[in-house]
Amino acid sequence: SLGGMVAAEIARLHPESIDALILINSSFKSLSPFYHRLQVEALWHLSKAFRAQSPVERERAILEMISSRPSFEKDHLAQEWARIAEER
């Protein structure tokens with residue numbers, strides 16, 4: 001999403017330097033309504049993240065939504081990201 005937004009802004013500011021843009025699965029609200037951009041199953045994971053009792057639970061819920069890694073990797077990443085979040 002960020003890359004697409006940056007590319008679109010560069011194209012807007014410098015149209016002479018861009019021939020074309022191809023945006024795939026764009027998050028731009030002006031290109032598609034939210035119900036085309038949001039997967040219903042993501043709402044379940046978001047609600048789990050908001051209800052999490054600990055930073056590790058929150059990170060695990062987010063990983064369930066965005067990652068296809070095996071469970072043991074998600075558990076390790078959730079612990080690591082929660083540690084980083086607590087430090088900062």
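Along the sequence shown, residues carry numbers from 1. Both backbone and side-chain heavy atoms feed into the values below; hydrogens, waters and symmetry mates do not. Predicted, not measured: the structure shown is a model, and the values here were computed from it.
A salt bridge between Glu86 and Arg83 is absent, with no side-chain N of the basic residue lying under 4.0 Å from a carboxylate O of the acidic one. Ion pairing between a basic and an acidic side chain is recognised when a charged N comes within 4.0 Å of a carboxylate O; Glu57 and Arg60 show no such pairing.
Atom CD of Glu59 and atom OG of Ser54 lie 9.5 Å apart (nearest 0.5 Å). The line from CD of Glu80 to CD1 of Ile84 is 4.5 Å long, rounded to the nearest 0.5 Å.
Tracing side-chain contacts under 4.5 Å through hydrophobic residues (I, L, V, M, F, W, Y), one never reaches Val40 starting from Leu46; they form parts of separate clusters.
Dense packing is recorded around CD1 of Ile66, with more than 12 heavy atoms of other residues, nucleotides or ligands lying under 6.0 Å away.
Side-chain contact between Val56 and Trp81 is absent, with no heavy atoms from C-beta onward closer than 4.5 Å. Inter-residue side-chain proximity for Arg69 and Leu63 is flagged as unmet; no heavy-atom pair is nearer than 4.5 Å. Side-chain contact between Arg12 and Glu9: present, with at least one pair of heavy atoms (C-beta onward) separated by less than 4.5 Å.
Side-chain atoms of Ser47 come within 3.5 Å of backbone atoms of Trp44 as a donor-acceptor pair (strictly under, hydrogens ignored). A donor-acceptor pair is defined here as one N or O able to donate and one able to accept, closer than 3.5 Å; such a pair exists between the side chain of Gln53 and the backbone of Arg51. Listed for the Lys74 side chain is a donor-acceptor partner under 3.5 Å among the backbone atoms of Ser67.
Counting all heavy atoms, side chain and backbone alike, Ala49 lies closest to Ala61 at N-CB, 3.6 Å. Between Ala11 and Ile18, the closest heavy-atom pair is CA-CG1, 3.8 Å.
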